[in-house]
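Worksheet: the structure to be examined is printed underneath.
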Amino acid sequence: MEFRKNHSYTDKDGIQTQNFYSTKVKLVKSGSMVELYKFGRDIFLGHKPSRIKTKEDLEAEVEAKKEMEKKAKEEGLTLEEYIAMEKAKTKPSPEDLLRFSAQRAKRQIKRLIYANSFKWFKEDGKAYKPITLTLTFKDNITNLKSANYEFTKFIRRLNYETNRIEGKELKQSNLKYLAVFELQQRGAIHYHMIFFNLPYIENIYTKLYDIWGRGGIMVGGKKRKFEKVKTRVHLKKIIDYFIKYIQKSIFEKQFPNQKKYITSKDLLKPIISYFEDVIYLVEEKLPNQDLVFKHEGSKDYAENNIANSYIKWVDYFQYDLAKNPEAEAEVDFMLDTYC
DNA sequence: CATCTTGAGTCTAACGTTCG
DNA sequence: CGAACGTTAGACTCAAGATG
């Protein structure tokens, strides 16, 4: 079965090498969430084509250089100056880069929360319910590095405690979680987190307060009532919260090169497929009533006839199969079998 | 001594960036 | 818009240190 378009290049020395692929569709399954992408232009996978120069590529480069020299002359610039000027035109602004970064982090957070909620199981076979938690510092901690250090130690101590409760090997790290940080008005850092396999803890407030030891603890919502995420349907709200914080922290750009969200290792990963045949098969199985969001970029593109990005347009369809476990199982099966 | 916490080194995955 | 890539934050483990 031909799934993807195969490309192979004959390099400048005449050696055929390094196959790569391209696709116009993509499917991502994260727990009950299924995302379907259709692109206005091929997405390349594998080696970047630019890294493999063919004879034709090199000839084209020579032609392009001649063309640039001509244009540079017309504008009274040297070739180097002209190249620098052209490059500056297409270079993303710092704001663009922040936006890309925020978008990627938000997308990944959403997928990780969907992929891991209700997917971790207790000894008795029942799934853990996700639990959200907020950690604040009583002293005005504004240095992210030292805040993260305290956060890390909290996780280590909590791992020890929950291992004890569940009778597991004490010094292993079994907790699965995701956390984001947020700045309060006064500049103090605090953390919002979600645990995917936190066991039942008696007197959870006092216990967690002691283990944290650096300030306030909030479990669940503002009501200060012990609250779990009871069903998958509630997830969307929680994800919106986490995403809001990310947006803020990235655009305030006070912490370059720092992680905008923190996760435990070995979380369940979203399943990504580029196999066109399989994706179309899966698409047929997705119930219409489970479509929760769509954006049809191709329509805008056709109406306005404006290519506002390299990719031309993206059609995006998001399904939530939370209320439809049979459909989810079927999609899992298909992805498992054919990908 | 038993129980809990942290330091040091290793390695995975997020970030910033480029290029299709 | 996407994936790829080099760099590096920080999760993990093992063992050593702190606490009582």
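Below, chain A is the first sequence line, B the second, and so on; all start at residue 1. Just so you know, these numbers come straight off a predicted model, no measurement behind them.
Contact between the side-chain N/O atoms of A:Lys26 and the OP1/OP2 oxygens of C:dA3 is found at a separation under 4.0 Å. Phosphate contact (OP1/OP2 of B:dT18, side-chain N/O of A:Lys91, threshold under 4.0 Å): present. In this model, the phosphate group of C:dA11 is approached by a side-chain N or O of A:Thr152 to a distance below 4.0 Å at OP1 or OP2. Using a 4.0 Å cut-off, no side-chain N or O of A:Tyr310 falls inside it from OP1 or OP2 of B:dG20. Phosphate proximity of B:dG16 to A:Ser101: present, with a side-chain N or O under 4.0 Å from OP1 or OP2. Distances shown here put a side-chain N or O of A:Asn148 below 4.0 Å from the OP1 or OP2 atom of C:dG10. Contact annotation: A:Thr263 side-chain N/O to C:dA11 OP1/OP2 distance is not under 4.0 Å. At B:dG16, one or more side-chain N or O atoms of A:Lys260 fall inside 4.0 Å of OP1 or OP2 (strictly under the cut-off).
Nearest-nucleotide assignment on DNA chain C puts the 5′-proximal partner with A:Val314, out of A:Phe151 and A:Val314. Both A:Tyr149 and A:Arg164 lie near DNA chain B, and the one whose nearest nucleotide falls closer to the 5' end is A:Arg164. Taking for each of A:Lys153 and A:Leu97 the nucleotide of DNA chain B with the nearest heavy atom, the 5'-most of the two is the partner of A:Lys153.
Here the C1' atom of nucleotide B:dT12 and the CG atom of A:Leu267 are 12 Å apart, to the nearest Å. Atom CG in A:Asn163 sits about 11 Å away from atom P in B:dC4, given to the nearest Å. In this structure, A:Gln103 atom CD and B:dA14 atom P are separated by 17 Å, rounded to whole Å. Going from atom CD of A:Glu150 over to atom C1' of C:dA11 covers 16 Å, rounded to whole Å. The CD1 atom of A:Ile311 sits 5 Å away from the C1' atom of C:dC1 (whole-angstrom rounding). Rounded to whole Å, atom P of B:dC4 lies 13 Å from atom CZ of A:Arg157. Here the C1' atom of nucleotide B:dA8 and the CZ atom of A:Arg156 are 10 Å apart, to the nearest Å. The nearest whole Å value for the distance from the CG atom in A:Leu158 to the C1' atom in C:dA11 is 15 Å.
Listed nucleotides B:dC4, C:dG2, C:dG10 differ in distance to A:Gln258; the shortest reach to its side chain belongs to C:dG10. Of the candidate nucleotides B:dG16, C:dC1, C:dA3, C:dA3 has the atom nearest to the side chain of A:Tyr274. Looking at the side chain of A:Ser173, the nearest of the listed nucleotides B:dT6, C:dG2, C:dC12 is C:dC12. Closest to the side chain of A:Tyr160, from the set B:dT5, B:dT18, B:dT6, is B:dT5. Closest contact between the side chain of A:Tyr37 and the listed nucleotides C:dG2, C:dT13, C:dC12 involves C:dG2.
Residue A:Ile262 is classed as a sugar-phosphate contact, given heavy-atom separations below 4.0 Å to backbone atoms only. Counting any heavy atom pair closer than 4.0 Å across all strands shown, A:Lys171 reaches a base atom. Contact annotation for A:Lys259: base contact, defined as any heavy-atom pair under 4.0 Å involving a base atom. When heavy atoms are screened at a 4.0 angstrom cut-off, A:Tyr177 is found touching the sugar-phosphate backbone but no base atom.
In summary, A:Glu69 and A:Lys66 do not engage in a salt bridge, as defined by a charged side-chain N under 4.0 Å from a carboxylate O.
In this structure, CZ on A:Phe242 lies 5.0 Å from CD1 on A:Ile113, to the nearest 0.5 angstrom. Rounded to the nearest 0.5 angstrom, A:Glu182 CD and A:Lys244 NZ are separated by 7.0 Å.
Between the base of B:dG16 and the side chain of A:Arg104 there is a donor-acceptor pair shorter than 3.5 Å.
The side-chain heavy atoms of A:His190 and A:Met218, taken from C-beta on, include no pair separated by under 4.5 Å.
In terms of heavy atoms, A:Pro270 sits closest to A:Arg111 at CG-CB, 3.7 Å. Between A:Val282 and A:Val331, the shortest heavy-atom distance links the atoms CG1-CG1, 3.9 Å.
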Worksheet entry | A:Phe181 and A:Phe151: CA distance, side-chain angles, deciding distance, ring pair (Phe, Tyr, Trp, His ring centres under 6.0 Å) verdict | CA-CA 10 Å; A:Phe181 68 87; A:Phe151 176 83; over 10 Å; no
